[in-house]
There are 2 protein chains.
Amino acid sequence: MPSRKKPRPTGEARRKQRDPRALSLVQTRRQHAREIAEDYAEAIAELIADRGEARVVDLAARLGVTHVTVHRTVARLQKAGFVSSRPYRAIDLTRRGRALATTSRSRHETVLQFLLSLGIPEHVANTDAEGIEHHVSPETLAAFASALKKSGL
Amino acid sequence: MPSRKKPRPTGEARRKQRDPRALSLVQTRRQHAREIAEDYAEAIAELIADRGEARVVDLAARLGVTHVTVHRTVARLQKAGFVSSRPYRAIDLTRRGRALATTSRSRHETVLQFLLSLGIPEHVANTDAEGIEHHVSPETLAAFASALKKSGL
DNA sequence: GTGTTAACGTAGCATAGGCTACATTTTGTT
DNA sequence: AACAAAATGTAGCCTATGCTACGTTAACAC
């Protein structure tokens, strides 16, 4: 098969990207699919750690969506190579999925601790961290970690 | 008419939200539509300031999408009361749109300056700020501003 | 081993945001 | 005024992420 990847724009969309700020916006949008993968990987890893396995219903409760959404998304993540699953069975992470879960979790923790170190109340920090973590580059993450270390002395 | 707003989930989705972390995730997802409104409002305000008017093509170049996407989104934002537009004319912000643009712009600036104050390189900070700004609560924004003031002495 | 219930899967709908291709209107040139 | 080019609009397709409603399988009680 001719490797049916998602085709990048070739017409106006490509030609018109002259404004430098557009690049950041485009990157931010591209990031979106990965956000979901990160949230799922993190949640699956957590469920496996907590209860031994990740079931569709528990994942749904953990993520605040219906089991149908979980089912479809898991199928997509399986195609993408992050999880493995068989009908009516628990969901498992692939090696790649575990790697994603690990880095996501650690990044989440750093962002959360950093926000808390600024004096932000816990419930606010939790929600903000959830939204922010997916948009934090390695450089920014390192800066957060270093600021955290300084403040923690 | 019976006020056709977007209906909130009433079945499984509502019942199953027992996990506290789910709430943050649900909120983060709900935020999504507003992100676009903020990006558009900011871009439109900027174009009007820079060239006197905001045209569909310029907006498309500024946002890194095609003019078709801009056209459809502007229609949605008009329904939502953020912009006003007439066929083949420039796009204008409503009072609400201008308010959104102002707060978005100021928040963006605070986030960006805060990242820069941590020593993050400019091009990275720009991209990260673009992604992060939409997920920063008023509390966190205040914390950023206050940290910025301290560091800026 | 049968039957109920909970979990899982499937069908089908809606919204939102991308795109290309093509049609129409404005704008600007000659 | 007529034409060419640029801007805008429309049609139609795709993917992703939600949902409800309903069918199917597996787990568990008895």
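Remember, predicted model here, so these are calculated numbers, not experimental data. Sequence lines set the chain letters: A, B, ... in the order given, protein chains first and strands last, and positions in each chain run from 1.
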Pick out the pairs of N or O atoms, protein on one side and nucleotides 25-28 of chain C on the other, that lie under 3.5 Å.
unit_1: C:dT25; atom_1: O4'; unit_2: B:Tyr88; atom_2: OH; d: 3.1
unit_1: C:dT27; atom_1: OP1; unit_2: B:Arg89; atom_2: NH1; d: 3.4

Would you say a side-chain N or O of A:Arg76 is under 4.0 Å from OP1 or OP2 of D:dT17? yes

How close or far is atom C1' of D:dA16 from atom CG of A:Asp39, stated in whole angstroms? 15 Å

Check this for me: B:Arg76, atom CZ, are more than 12 non-hydrogen atoms of other residues, nucleotides or ligands nearer than 6.0 Å? yes

From CD of B:Glu12 across to C1' of C:dG9 the rounded distance in Å is 12 Å

Select one nucleotide: of D:dC19, D:dG9, C:dC19, the one nearest the side-chain heavy atoms of B:Val65. C:dC19

From CD1 of B:Ile91 across to C1' of D:dG9 the rounded distance in Å is 12 Å

Test item: B:Thr103 side-chain N/O and B:Leu100 main-chain N/O as donor-acceptor pair under 3.5 Å: yes

Using whole Å, what does the distance between atom C1' of nucleotide D:dC14 and atom CZ of A:Arg72 come to? 14 Å

Round to the nearest Å and state the distance from A:Leu63 atom CG to D:dG18 atom P. 9 Å

Please check this pair: side chain of A:Arg96 against backbone of A:Val83, looking for a donor-acceptor N/O pair closer than 3.5 Å. no

Take a 6.0 Å sphere around CZ of A:Arg55 and say whether it holds more than 12 heavy atoms from other residues, nucleotides or ligands. yes

Please state whether the phosphate of D:dT8, meaning OP1 or OP2, lies under 4.0 angstrom from any side-chain nitrogen or oxygen of B:His71. no

Heavy-atom closest contact (A:Ala43 atom, A:Arg62 atom, distance): CB-CG, 3.8 Å

Given B:Arg107, which of B:Glu38, B:Glu35, B:Glu130 fulfils the salt bridge (charged side-chain N to carboxylate O under 4.0 Å, His left out) condition? B:Glu38

Under-4.0 Å side-chain N/O to phosphate OP1/OP2 contact, A:Thr66 with D:dC19: yes

Just by distance, do the side chain of A:Thr127 and the backbone of B:Ser24 share a donor-acceptor pair under 3.5 Å? no

When rounded to whole Å, the CD to C1' distance for the pair B:Glu35 and C:dT15 reads 16 Å

From the candidates C:dG18, D:dT17, D:dT10, the one with an atom nearest any side-chain atom of B:Val68 is D:dT10

With hydrogens left out and only the distance checked, is there a donor-acceptor pair under 3.5 Å joining B:Arg29's side chain and the base of D:dG18? no

Can you tell me the distance, in whole Å, between the NE2 atom of A:His32 and the P atom of D:dT17? 7 Å

Between C1' of D:dA16 and CD of A:Glu38, the distance in whole Å: 16 Å

